[in-house]
Asks: 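So that we are looking at the same thing, I have put the structure below in structure tokens.
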Amino acid sequence: MSNRRDFIKKTALGTIGLGTALGANAMLKSESSKENIIKKNNKKPLIISTWNHGLPANEETWKQLKNGKSTLDAIEAGMMIPEGDPKVRSVGYGGYPDREGHVTLDACIMDHNSDCGSVSFLEGIKHPISVAKRVLQNTPHVMLSGEGALQFALEQGFKKENLLTPESEKNWKNWLEASKYKPVINIENHDTISMLVIDNDGNISGGCTTSGAAWKMHGRVGDSPIIGAGLFLDNEVGAAAATGLGEAVIRTAGSAMVVELMRQGKSPNQACKEIVERIYNKHKNHRDMEYLQVGFIAVNKQGEYGGYSLRSGFNYAVYDEKNGNRMEDSKFKMTWDN
Ligand code: SD4
């Protein structure tokens, strides 16, 4: 791993070494304007997470940040709470299985250097966010999947466990009777947890973890472990993350596009709204439209945040120094009757 970091560092230094005096000046100028932005952002730290289960996750992440833990460790610790909670049926242990009765998990994590780690189609490991963090830290790769991800997790000392709770097994058996695939999103007011963090230094990181769409096909991977779809950030601009029907988010590179719109000057709210509109336009005559829900959250470098969803019912948890940890309702394009 240190080789990878050294390589990145050396490459960056090499580039600077080649810069002309003019280039160096421009770089200094942009460095100082970056500092100004960070100084102007007096709203840090800031944590924003999707759905009600974002509240306890935010609480833990906040505590860890205040205790001086690294931002990645703080994100991991926060997201482990819904992952380990069997009452949360859309994340980790107790999550709904696929149509063959397997609980398969997707997660990713990304830091302010744009380093990222991700696991998809991972079975039998309660905390996929922790495995994603190890992929970032201990491998030269971004993404490990399925058997390979499991093998890596076991090598890293994770324990294999049965994640299918009796409750989820019962629901799966009921579902088998009709076997209709119609993902029900936000009925229980929680789904994928995506978290974006501006830390004490003004740096932006994020993570995502989910058991994915209930009753999906075996092997299906959603947007949540895909950098650019379920999560994306650029520390110079901001970050965005998604929840909802992963197929629609992947088709539109949703989170990456939200960040690019913020780069062009849109506020987090405007950027999320524009991408939701785009997703709607691409899907209004699509077979997925009947049950389509997508929601985005976003933050920018100035500490502004926002969210927007296609349909009503989406909310997110926000934690900052001034107002503490609370739920906020997202604005949306339409209700479920449309
Ligand atoms: C997925 N976006 O796997 C995730 C999970 C989710 O409704 O939010 N499902 O598509």
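Each ligand, and each atom within it, is numbered from 1 in the order the structure gives.
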Asks: Run the salt-bridge test on Asp73 and Lys133 with the 4.0 Å N-O cut-off and return the result as yes or no.
Replies: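 Answer for the salt bridge query: yes.
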Asks: Which option, Arg220, Lys216, Gln293, owns the non-hydrogen atom nearest atom 1 (C) of ligand 1?
Replies: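 The option holding the nearest heavy atom is Arg220.
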Asks: Is it possible for you to check whether Arg99 lies under 6.0 Å from the centre of the six-membered ring of Trp215, through NZ or CZ, and within 45° of that ring's axis?
Replies: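 No cation-pi geometry.
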Asks: Just heavy atoms, cut-off under 4.0 Å: does Ala213 contact ligand 1 by side chain, backbone, both, or neither?
Replies: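 For Ala213, only backbone atoms sit under 4.0 Å from ligand 1.
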Asks: Heavy-atom contacts with Gly222 under 4.0 Å: which atoms of ligand 1 show up? List them by number with element.
Replies: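 Going through ligand 1 atom by atom, the ones under 4.0 Å from Gly222 are 3 (O).
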Asks: Indicate yes or no: does an N/O atom of Thr210 lie under 3.5 Å from an N/O atom of ligand 1?
Replies: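 N/O-N/O distance below 3.5 Å does not exist for this pair.
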Asks: Would you say Asp223 and ligand 1 have an N/O pair spaced under 3.5 Å apart?
Replies: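 Among all N and O atoms of Asp223, at least one is under 3.5 Å from an N or O of ligand 1.
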Asks: So if I count the atoms of ligand 1 from 1 in the order they appear, which ones are less than 4.0 Å from some heavy atom of Ser224?
Replies: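 Every atom of ligand 1 under 4.0 Å from some heavy atom of Ser224: 2 (N), 4 (C).
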Asks: Determine whether the side chains of Glu161 and Tyr93 contain a donor N or O and an acceptor N or O closer than 3.5 Å.
Replies: no
Asks: Have a look at Ile193, Asp191, Asp106 and point out the one with the heavy atom closest to atom 9 (N) of ligand 1.
Replies: Asp191
Asks: Evaluate Gly244 for polar contact with ligand 1, using N/O atom pairs at a separation under 3.5 Å.
Replies: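 Yes, at least one N or O pair falls under 3.5 Å.
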Asks: For Gln156 and Asn138, which I'm curious about, is there any donor-acceptor pair between the side chains at under 3.5 Å?
Replies: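 A donor-acceptor contact under 3.5 Å links the two side chains.
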Asks: Is it the case that Lys333 places NZ or CZ above or below the six-membered ring of Tyr280, under 6.0 angstrom from the centre and within 45 degrees of the axis?
Replies: yes
Asks: Can you tell me how far CG of Leu122 sits from CG of Asp106, rounded to the nearest 0.5 angstrom?
Replies: 8.5 Å
Asks: Would you call Asp337 and Arg311 a salt bridge, taking side-chain N to carboxylate O under 4.0 Å as the test?
Replies: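 So Asp337 does not pair with Arg311 through a salt bridge.
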Asks: Any nitrogen or oxygen of Gly246, side chain or backbone, less than 3.5 Å from one on ligand 1?
Replies: yes
